[in-house]
2 protein chains.
Amino acid sequence: MTGQVRTVDGRVAGRRGQATRQKLLDCLSEMLSSSPYRDVKVIDVARKAGTSPATFYQYFPDVEGAVLEIAEQMAAEGAELTGLVQGRSWVGKAGWQTAQELVDGFLEFWRKNDAILRVVDLGAAEGDKRFYKLRMKILNSVNNSLSDAVAELQSKGKVDKDVNPAAVAGALVAMLAAVASHQKGFQTWGVKQAELKPNLALLVHLGITGKKPTK
Amino acid sequence: MTGQVRTVDGRVAGRRGQATRQKLLDCLSEMLSSSPYRDVKVIDVARKAGTSPATFYQYFPDVEGAVLEIAEQMAAEGAELTGLVQGRSWVGKAGWQTAQELVDGFLEFWRKNDAILRVVDLGAAEGDKRFYKLRMKILNSVNNSLSDAVAELQSKGKVDKDVNPAAVAGALVAMLAAVASHQKGFQTWGVKQAELKPNLALLVHLGITGKKPTK
DNA sequence: ACTTGTCCTGTCATGCCGTCAGCTTACCGA
DNA sequence: TCGGTAAGCTGACGGCATGACAGGACAAGT
């Protein structure tokens with residue numbers, strides 16, 4: 001996809017250049033998880049990476065640009081999420097297992113990348129098409145698979161005709177993402193992490209199949 | 001609660017002062033819906049309000065402080081959400097109606113205040129306790145009512161014992177909030193606003209009662 | 001050693017931040 | 001009517017981030 005890494009002014013980046021570029025990305029990523037997005041300054045990132053602001057601007061047009069880059073890398077890894085739903089059964093005990101593993105994998109992925117995902121979410125909500133497309137890219141694999149699962153059950157007459165597979169799948173994915181973002185919120189609400197998961201799995205199972213799971 | 005409105009340096013604000021203060025809040029609010037949170041500058045808000053940056057800092061410690069103020073006002077209005085669930089029935093056709101009206105009211109409220117809610121969400125996700133408490137305050141009314149509903153059905157033996165009411169309620173509320181934030185996202189996903197609502201209502205009904213609604 | 005192209009940084013103009021002293025305005029009691 | 005007092009506002013300033021540029025350092029090939 002990305003044939004060559006290029007600097008802002010069009011030069012092709014070599015070995016060393018790519019290294020510092022990556023270092024800047026790493027430092028920015030770290031910065032995002034330790035301080036509010038709004039307060040992340042180019043100069044801090046540069047200092048942390050042992051270089052100067054000017055260098056940063058050689059590789060990225062601005063902070064947002066760099067964030068998009070990080071998010072892009074993450075989206076690529078996010079493809080692993082597909083495996084959580086693709087080709088799985090939603091019937092009987094296997095269905096319950098599928099729901100559980102989906103929830104587990106999803107929360108884990110989100111927790112691992114929470115800082116960057118927050119920013120992507122904000123960008124998307126603010127209407128920025130780039131972030132918005134990126135968010136789709138990440139969620140699409142899961143969403144499409146879920147949507148297919150609903151559609152298939154529907155064709156077999158196991159799910160009502162007036163259910164919109166895409167809407168249900170989208171809502172469930174949004175739920176998982178939101179809960180993952182606010183995991184800490186649930187704790188103070190008196191819900192422990194361990195308790196949360198099975199209840200989420202239950203909701204997912206109910207949403208997809210319309211039935212309570214057989215455990 | 002707030003006995004007197006005070007400036008940062010401790011003076012009590014009079015008629016005129018409160019007016020400019022409110023004007024600044026209004027302008028900030030408008031600013032937030034038209035440009036990314038990260039790019040909202042004090043000087044722009046001040047200019048828009050026909051005053052100077054120094055005046056802004058007389059009433060608010062920083063942009064964040066002003067945002068919290070706006071959010072607080074909104075949270076007060078958010079109490080109206082309570083009416084969407086409190087004392088409603090979740091049985092039979094009435095249950096379906098309850099679910100529909102909840103979804104409707106929730107989406108409407110979110111759409112009306114989306115700009116500020118985005119920022120609150122971000123702040124909460126970033127771990128800022130003030131935003132986080134505020135988010136709770138807004139969602140608590142709905143969340144508690146839903147939680148109670150589940151607990152009640154549970155005591156009647158209509159819902160499984162191993163369901164955690166708070167977890168389910170929290171997840172459903174998070175889902176509604178997330179879907180509301182990304183309503184545009186669903187459109188490009190091929191799901192129309194009108195189609196989305198009943199499917200959300202279905203999920204809510206399933207989650208609360210464990211059964212398909214009778215329409 | 002020399003050349004070439006990559007890579008980094010010092011420096012600078014610009015603009016926003018956040019603060020302060022000081023000016024203007026409104027209110028109030030004598 | 002006339003100060004006196006507190007509220008209300010702003011010009012100006014040091015400080016820092018931004019973003020652009022030109023030039024120096026460096027690695028690799030010849």
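Letters A, B, ... are given to chains in the order of the sequence lines, protein chains preceding strands, and every chain is numbered from 1. All values below were derived from every heavy atom in this structure, side-chain atoms included, with hydrogens, water molecules and symmetry-related copies excluded.
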Solution key, residues 168-175 of chain B side-chain donor-acceptor pairs under 3.5 Å, sequence neighbours excluded:
none

Taken in chain and number order and not counting sequence neighbours, the residues that satisfy salt bridge (charged side-chain N to carboxylate O under 4.0 Å, His left out) with B:Lys48 are B:Glu30
With the side chain defined as heavy atoms from C-beta on, A:Gln58 is closest, among C:dC8, C:dT25, D:dG19, to C:dC8
Donor-acceptor pairs under 3.5 Å, side chain of residues 115-126 of chain B to any protein atom, not counting sequence neighbours: which ones?
residue: B:Arg118; atom: NH1; partner: A:Ala125; partner atom: O; Å: 3.2
residue: B:Asp121; atom: OD1; partner: B:Arg135; partner atom: NE; Å: 2.6
residue: B:Glu126; atom: OE2; partner: A:Tyr37; partner atom: N; Å: 2.8

Let me know the distance between CG of A:Asp62 and P of D:dG19, rounded to the nearest Å. 7 Å
For residues 133-154 of chain A, pull every pair meeting ring pair (Phe, Tyr, Trp, His ring centres under 6.0 Å), keeping only residues two or more places apart or in separate chains. none
Strictly below 4.0 Å, heavy-atom distances to any atom of DNA chain C: list the hits from residues 28-35 of chain A, or just say none. none
So which of residues 39-55 of chain B are in contact with DNA chain C, with a heavy-atom cut-off of under 4.0 Å? B:Lys41, B:Val42, B:Ile43, B:Ala54
Show me the donor-acceptor pairs, under 3.5 Å and distance only, between side chains in residues 67-86 of chain B and residues at least two apart or in other chains.
residue: B:Glu69; atom: OE2; partner: B:Arg21; partner atom: NH2; Å: 2.9
residue: B:Glu72; atom: OE2; partner: B:Lys137; partner atom: NZ; Å: 3.0
residue: B:Thr82; atom: OG1; partner: B:Ala79; partner atom: O; Å: 2.7

Look only at the side chain of A:Asp44 and the backbone of A:Val40, and say whether a donor-acceptor pair between them is shorter than 3.5 Å. no
For B:Thr209, what residues pass the side-chain hydrogen bond (donor to acceptor under 3.5 Å, both in side chains) criterion, not counting sequence neighbours? B:His205
What side-chain donor-acceptor pairs closer than 3.5 Å can you find for residues 101-109 of chain A, not counting sequence neighbours?
residue: A:Glu101; atom: OE1; partner: A:Arg88; partner atom: NH1; Å: 2.2
residue: A:Glu101; atom: OE2; partner: A:Gln97; partner atom: NE2; Å: 2.8
residue: A:Asp104; atom: OD1; partner: A:Lys197; partner atom: NZ; Å: 3.0
residue: A:Glu108; atom: OE1; partner: A:Arg111; partner atom: NH2; Å: 2.7
residue: A:Glu108; atom: OE2; partner: A:Arg111; partner atom: NH2; Å: 3.3

Along DNA chain D (nearest heavy atom to each residue), the more 5'-positioned of B:Tyr59 and B:Arg38: B:Tyr59
Qualifying residues under side-chain contact (heavy atoms from CB on, under 4.5 Å), relative to A:Pro165, sequence neighbours excluded: A:Ser147, A:Val150, A:Ala151, A:Gln154
Enumerate the salt bridge (charged side-chain N to carboxylate O under 4.0 Å, His left out) contacts for residues 162-190 of chain B, please, sequence neighbours excluded, ordered by first and then second residue. A:Lys215-B:Asp162
Using both pair distances under 3.5 Å as the test, note the stems of at least 3 consecutive Watson-Crick or G-U pairs that include DNA chain D. C:1-30 with D:1-30
